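Keep in mind it's a predicted model, so treat the numbers as computed, not measured.
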Amino acid sequence: MIALCPSRLLTPDGFETGLCLLIEGGRIIDPLPLESCPAGASREFLDGDLVPGFIDLQVNGGGGVLFNDQPTVEGIEAIGRAHRAFGTTGFLPTLISDDLRVVDRAMRAVEAAIERGVPGVLGIHIEGPFINREKRGIHDGSKIRRIDDSAIRLLTSLAKGVTLATLAPELAPAGSIEALVAGGVTVAAGHTAASYEEMHDALGRGVTGFTHLFNAMTQLTSRSPGAVGAALESRSAWCGIIADGFHVHPASLRVALAAKGADKLLLVTDAMPTVGSDRTNFTLGGRSIRLEDGRLTAEDGTLAGSNLDMAAAVANASRLMGVDLAAAVRMASINPARAIGIEGTTGTLCPGRSADLALLDRDGRVARTWICGAADNR
């Protein structure tokens, strides 16, 4: 049994001082007052804020690796290692629109990674190819296709971990969303040209969230509320947000916060291979992508994911949305855990949860992480 004794500990009531976090067997036993810490526990005093490790549901790459190009256990491990340095202790390697054989290969790699105990991998996010060409963004239009029974069988085939699928619900045949949900898939709307009415219907059919709110979807206008209007109106749907200062205007972030509340927004990075590496360019679907002034774009200026890490996303959310650090951290921990149904196992520093933790220094930088109680080697 070990007892981590930080300057402050994030509890469901906010940051508190004078507490230690008891960990045994990779799980949290209890946060306790320092004076109640068991004599047999090995104490470690930490200078900084101890918070739940970040959970990123949209990670295209990192550490120089693009998941589409390297859908392997080694690729997943490299991506996870790069993002762990920024506090991410749980992630969904994300495959953007590709051939179904690549989707299959990626899913099997995730199963193998979980079986081998690769730190942090929680499942897979399949973002496309079942999206709308009108809103494809950087996705390769030649890969886009309609979802059918064979694709549903594939998407529901993951034997280990969570499957999150992003699709355009207006193009999904009747019964397909319901079939995915019945097969254990979390379904999100994204890269969609759906009207408000179509999106409202999709929420009733099993869509529970929105991938990168505001981006690659129909916007809120006076007479056509669009997908954004349906997302902001819904009391139950969660919304992913890319808080990098490029994808969404700060005022739009604050509008989303006012409409949804902090509990229904979750931070994602939409990260590409440049995160955690010295790369400044790579190829995506045959297109050259370049990093310049913090922004990733194709030759025509189309945004191509982000160079964002979760520690920066948390800091940006606090600064741009005007929320305190505790709320920003929850957008990066318990909120994504709830979105994919794993809040009972991780996402908070509560008894019985996995000891997935991050230590933040006084400047908000990640000083150290733990996954299942195992500390990184910094």
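- Among all heavy-atom pairs drawn from P31 and L349, the shortest one is CG-O, 3.8 Å.
- Partners of H247 according to the ring-ring contact (aromatic ring centres under 6.0 Å, His included) rule, which considers only residues two or more places apart in sequence or in another chain, do not exist here.
- In this structure, the side chain of R116 does not engage the main chain of V118 through any donor-acceptor pair within 3.5 Å.
- Residues passing the side chain to side chain donor-acceptor pair (under 3.5 Å) test with K135, sequence neighbours excluded: none.
- Remark: D30 engages L32, P351 in a side chain to side chain contact (heavy atoms under 4.5 Å, CB included) (not counting sequence neighbours).
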Discussion item. If you apply the rule side-chain contact (heavy atoms from CB on, under 4.5 Å), what do you find for R43 with C20, and how did you get there?
Written reply: CA-CA 9 Å; R43 297 190 186 194; C20 67; over 6 Å; no
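- Looking at D361, its side chain does come within 3.5 Å of a backbone N or O of G364 through a donor-acceptor pair.
- E24 contributes no side-chain N or O that, together with a main-chain N or O of L22, makes up a donor-acceptor pair within less than 3.5 Å.
- S224 places none of its side-chain heavy atoms less than 4.5 Å from the side chain of T218.
- Contact of the M272 side chain with the F282 side chain is registered, since non-hydrogen atoms from C-beta on lie closer than 4.5 Å.
- For the atom pair NZ of K264 and CG of L266, the computed distance is 10.0 Å after rounding to the nearest 0.5 Å.
- For R133 (side chain) and I144 (main-chain N/O), a donor-acceptor pair under 3.5 Å exists by modelled atom type.
- For the side chain to side chain donor-acceptor pair (under 3.5 Å) test with D356, the passing option among T346, T345, T88 is T346; the others fail.
- Residue I29 is not grouped with residue L46 when hydrophobic side chains (ILVMFWY) are merged at heavy-atom distances under 4.5 angstrom, including chains of intermediate members.
- Proximity of M107 to L95: side-chain heavy atoms (C-beta onward) are nowhere separated by under 4.5 Å.
- Here the closest heavy-atom approach between residue M310 and residue L267 is recorded as CE-O, 3.5 Å.
- A donor-acceptor distance shorter than 3.5 angstrom exists from the side chain of N316 to the backbone of A243, with no hydrogens or angles considered.
- To the nearest 0.5 Å, atoms OG1 (T166) and CD1 (I126) are separated by 9.5 Å.
- The hydrophobic cluster containing L50 does not contain I334, counting ILVMFWY residues as joined when their side-chain heavy atoms lie under 4.5 angstrom apart, directly or transitively.
- No donor-acceptor pair under 3.5 Å is formed between the side chain of R8 and the backbone N or O of E16.
- In this structure a side-chain-to-backbone donor-acceptor pair under 3.5 Å is missing from S234 to A230.
- Of the inter-residue distances, the one linking W370 atom CH2 with I28 atom CD1 reads 11.5 Å to the nearest 0.5 angstrom.
- Aromatic ring pairs are classed by plane angle as parallel below 30°, tilted from 30° to 60° and perpendicular above 60°; the pair H191 and H212 is perpendicular.
- Annotation for P119 and I371: closest pair CB-CD1, 3.8 Å, computed over non-hydrogen atoms.
- The minimum heavy-atom distance linking N307 with G294 is given by the pair CB-O, 4.0 Å.
- Annotation: the span from T348 atom OG1 to R330 atom CZ amounts to 10.0 Å, rounded to 0.5 Å.
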Worksheet item: Taking it one step at a time, do L100 and L154 satisfy side-chain contact (heavy atoms from CB on, under 4.5 Å)?
Response: CA-CA 8 Å; L100 293 190; L154 176 58; 4.2 Å; yes
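- Between the side chains of D300 and T302, at least one donor N or O sits under 3.5 Å from an acceptor N or O.
- E198 contributes no side-chain N or O that, together with a main-chain N or O of P169, makes up a donor-acceptor pair within less than 3.5 Å.
- Separation of atoms SG (C37) and CE (M1) is listed at 8.5 Å; rounding is to 0.5 Å.
- In this structure, T192 and A227 approach most closely via the heavy-atom pair CG2-CB, 4.3 Å.
- Under a hydrophobic clustering in which Ile, Leu, Val, Met, Phe, Trp and Tyr are joined whenever their side-chain heavy atoms come within less than 4.5 Å, directly or via other members, M199 and L167 fall into the same cluster.
- For residues 64-83, every residue pair satisfying the side chain to side chain donor-acceptor pair (under 3.5 Å) rule, not counting sequence neighbours, is listed here: N68-D98.
- Hydrophobic clustering (side-chain heavy atoms under 4.5 Å, transitive across Ile, Leu, Val, Met, Phe, Trp, Tyr) groups L360 together with L10.
- At least one donor-acceptor pair closer than 3.5 Å links the side chain of R279 to the backbone N or O of G64.
- For D99 (side chain) and V102 (main-chain N/O), no donor-acceptor pair under 3.5 Å exists by modelled atom type.
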Worksheet item: Which is it for N132 and R136 under the side-chain contact (heavy atoms from CB on, under 4.5 Å) test, yes or no, and what are the steps along the way?
Response: CA-CA 6 Å; N132 197 311; R136 67 182 180 273; over 6 Å; no
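- Using a 4.5 Å heavy-atom cutoff, the side chains of L303 and L296 are not in contact.
- No side-chain heavy atom of I2 sits less than 4.5 Å from a side-chain heavy atom of E44.
- Under 3.5 Å, the side chains of T94 and Q58 contain no donor-acceptor pair of N or O atoms.
- We find the CG-OG1 distance between N60 and T269 to be 7.5 Å, quoted to the nearest 0.5 Å.
- Under a cut-off of 6.0 angstrom, the local environment of CD in E134 is sparse, with at most 12 non-hydrogen atoms contributed by other residues, nucleotides or ligands.
- Legend: side chain to side chain donor-acceptor pair (under 3.5 Å) pairs involving residues 176-186, not counting sequence neighbours: none detected.
- For Y196, the ring-ring contact (aromatic ring centres under 6.0 Å, His included) test picks out H200, with sequence neighbours left out.
- Scanning all heavy atoms of the two residues, the minimum distance from T369 to T89 falls at CB-CG2, 4.2 Å.
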Practice prompt. Check the pair I242 / L308 against side-chain contact (heavy atoms from CB on, under 4.5 Å), numbers first and verdict last.
Written response: CA-CA 8 Å; I242 307 172; L308 183 67; 4.2 Å; yes
